[in-house]
Each structure stands twice: as C-alpha cells, then as structure tokens.
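Worksheet: the structure to be examined is printed underneath.
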Amino acid sequence: MALLFLDSFDAGDIATKWIPGSFTSVSSSTTRFGTGMVAVVGTSDAAARSITPSAQVTIGVAFYSSAGECGVAFRGDAGTTTHLSIMRTAGGVIDARRGLAGAGTSLARGTTIIPPLTWNYLEVQATVADSGGTVKVRLNGATTNEIDFTGDTKNGGTSTNIDQVALITSTSGSSARFDDVYVLNSTGSSNTTFLGDIRIHALSPSNNGTYSQLTGSDGNQVDNFQLVDEKPFSTTDYVGSPTVGQRDTYVLADLPSVTQIFGVQNNFIGAKSDASTGNAKSALLINSTLYYGTTRALGTSYVPYSDVYDTNPNTSTAWTDTVVNGMEAGMEVA
C-alpha cells in the first residue's frame, strides 16, 4: 500500500468519511477550479481521519483561510496524542509545532508569505520519534522543502506510528476551507512520497454498466445508475440484494483532461436492512475482468467504504485516462 485515502469532498459526506468537529461541514463554494464542494472547518476545530498506522505519512491538501491559522495535524495512539501541527500562521508563514496548534513547541518556520483569502497547496511528510523524527513541508507543488526539520517530533504517548491525520484551525480567525486531500505512507513501490499539487476528481455513475443484478428502491433493475448517481449521496434511493454474488457496475462520467493519474479510489455507501449478516465489496470492471476491494461487514447505518488502487490492477502499470474512462465501478453482495 502507499495511497491510503483520497477526498475531493464533492460527495458532500465529510461527516461519514471524517471524524467531524463541532463546526465541521461541507459547503458549495468557489474552489480552486470553479464551483464545487469543500470541507469547512470552523474556528478552533478539526476534521480527523483514521488511517492505517504508519511510520511515515505524507498528506497533501488545498487550503483557503482568512487571517486565521489553518493546516494539518498528525496523531498517534489511536488519535489520542497530537504529535505535530503544521499551520499557516496569522502572519502568513508555515509553522511546524510539536504538540497542539497554538501551543506546544515551535520546531521550524518557513519563510514564504502566504496571503489570506487565496488557495494554496500544502504538503507535509512526517515521522515521529524522540530524536531523529522528521517534518518536511512543501508548498504549491514545489520540489524543494519550505521546512526540513530533524529532531524531536514525539509529543508523549507510546507509539511512534501515525494513525490519524486532521485538518485543523486555531482560535485566531474564521473557519477555513479545504479541498483535494491525499494521504499516503512510504510502503509499496509507487506513491510513497510527495505527489505535488494535485486535484481529486469525483466521478459519478452516468449510465448502466455490464451488470444490473441488484434491485433498486423503485422495485426493478432498470436504469439502476440513476439511483446512485447523486452528489451529495442520498439514502432515499438505493440498490441492493439478499443474494451473495449479485452485483451492479456502472459507466462513470469521463475525467477531464489530465496529464498523470496517481491512483483511483472506488467508493460505495453501504448498509444492511435488518439484523441478519450482510457483507459487500466494491468492484471495478476493467477489460471484462472484475477486481474486488475488501469485503466489509455492513451495519444498519449507512457508512462509506473506500478501496484505493495505486496502479491499474488489470496490468499493474500506471493508470491512464483511457482506462479510467473505459472502466466500470460498482458493488457486489459478498
């Protein structure tokens, strides 16, 4: 594994994909590339995401704020210990701190002034240790480091693994907007370090695919894609089946013009309708071959599930827009 998680926020489901703070929401807003959904994190607030515990984690995120402070945090011990907070300060520079934002110990500061009310892209790579820990910060796709710190990055606790990342603000200023998040670790053979200033595209079903075996909330198996194509998602219409092995796959909207694809994340929202056991797994159909994600045990509340593919599983090579535009995505009862 390398890529752990991607989020464009266009699905409008931050409250289910992230651990929201009291003011965290999603909002239709002017983004870096037009109008779309962004994460809105309120003053002195955070939206956290638990990840696979990893020794080294890199996060990239677009951010927009007023005069207040905003940035990212790295946590351990099941999210209970905040080891590092990396934020744009009220003065406009990036500050890396051991511990909580607005407190803790400042480890290093950048020199680039980031104006308020502008979109910028922040990338941070970190490891946690009492000595020899690291924080590397890059801005707006640069290939050189704004901050390159080595030293004590462990703020107490027991584990040196990072198991949670967070989008954060401080008490000084209004809420901040975030967009286009990636999170990765250093394992695997691709996507193990900074990706640069990237964009996450959320592709919704746009037509029927090869398989339409699930029954829709409208009582039939006709045009099922119309029941699962909303952004933000709706739970008032859906598809499902009690029969293991039945599936739907859907044609997706095409990507806009891109120069490189780092990975694909297949998402589905799932729930079971009663107390019986219910399992499901995501499915990609590429060149007539099905590729499945992890089998999930469903609960009675809707929960989003994601499977990330760094490379095309059909060829084990880099993704191309031709492959992405030609594949189908869906879900199978497991």
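Atom set for the values below is all heavy atoms of this structure, side chains included, hydrogens, waters and symmetry mates excluded.
- For N314 and N287, the side-chain atoms include at least one donor-acceptor pair closer than 3.5 Å.
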Identify every side-chain donor-acceptor pair in residues 236-244 under 3.5 Å, counting partners at least two apart or on other chains, and give the distances.
{"from": "T236", "atom 1": "OG1", "to": "S234", "atom 2": "OG", "distance (Å)": "2.7"}
{"from": "S241", "atom 1": "OG", "to": "T243", "atom 2": "N", "distance (Å)": "3.0"}
{"from": "S241", "atom 1": "OG", "to": "Q246", "atom 2": "OE1", "distance (Å)": "2.5"}

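- Residues passing the salt bridge (Lys or Arg N to Asp or Glu O under 4.0 Å) test with D148 are K136, sequence neighbours excluded.
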Atom pairs and distances, side-chain donor-acceptor, residues 10-19, under 3.5 Å, sequence neighbours left out:
{"from": "D10", "atom 1": "OD1", "to": "M37", "atom 2": "N", "distance (Å)": "3.3"}
{"from": "D10", "atom 1": "OD2", "to": "S8", "atom 2": "OG", "distance (Å)": "3.4"}
{"from": "T16", "atom 1": "OG1", "to": "D13", "atom 2": "O", "distance (Å)": "2.9"}
{"from": "W18", "atom 1": "NE1", "to": "D7", "atom 2": "OD2", "distance (Å)": "2.8"}

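- Connectivity analysis of hydrophobic side chains (ILVMFWY, heavy atoms under 4.5 Å, direct or indirect) links Y64 to V38, V40, L117, W119.
- A donor-acceptor pair shorter than 3.5 Å can be found between the side chains of D95 and S106.
- For the pairing with F63, the side-chain contact (heavy atoms from CB on, under 4.5 Å) check across V181, T169, I114 returns one residue only, I114.
- Counting only N and O atoms by type, the side chains of Q226 and N224 include no donor and acceptor under 3.5 Å apart.
- For V303, the side chain to side chain contact (heavy atoms under 4.5 Å, CB included) criterion is met by Y305, not counting sequence neighbours.
- Applying the salt bridge (Lys or Arg N to Asp or Glu O under 4.0 Å) criterion to D180, with sequence neighbours excluded, gives R32.
- Looking only at atom types and distance, the side chain of N120 has a donor-acceptor partner in the side chain of T118 under 3.5 Å away.
- Salt bridge annotation for R296-D307: present, with a cationic side-chain nitrogen under 4.0 angstrom from a carboxylate oxygen.
- Side-chain contact, R98 with N155: no donor N or O sits under 3.5 Å from an acceptor N or O.
- Grouped with V258 in one hydrophobic cluster are L203, L252, L255, I261, V264, L284, I286, Y291, Y309, W319, V323, V324, M327, the linkage being side-chain heavy-atom contacts under 4.5 Å among Ile, Leu, Val, Met, Phe, Trp and Tyr residues.
- Within the hydrophobic cluster formed by Ile, Leu, Val, Met, Phe, Trp and Tyr side chains joined at under 4.5 Å, directly or through other members, L285 is accompanied by Y211, L290, Y292.
- For S190, the side chain to side chain contact (heavy atoms under 4.5 Å, CB included) criterion is met by D310, T311, not counting sequence neighbours.
- A side-chain N or O of T24 and one of D45 form a donor-acceptor pair less than 3.5 Å apart.
- Residues forming a salt bridge (Lys or Arg N to Asp or Glu O under 4.0 Å) with R75 (at least two apart in sequence, or on another chain): none.
- Side-chain contacts under 4.5 Å among hydrophobic residues (ILVMFWY), followed directly or transitively, place I168 together with M87.
- Applying the salt bridge (Lys or Arg N to Asp or Glu O under 4.0 Å) criterion to R177, with sequence neighbours excluded, gives no partner residue.
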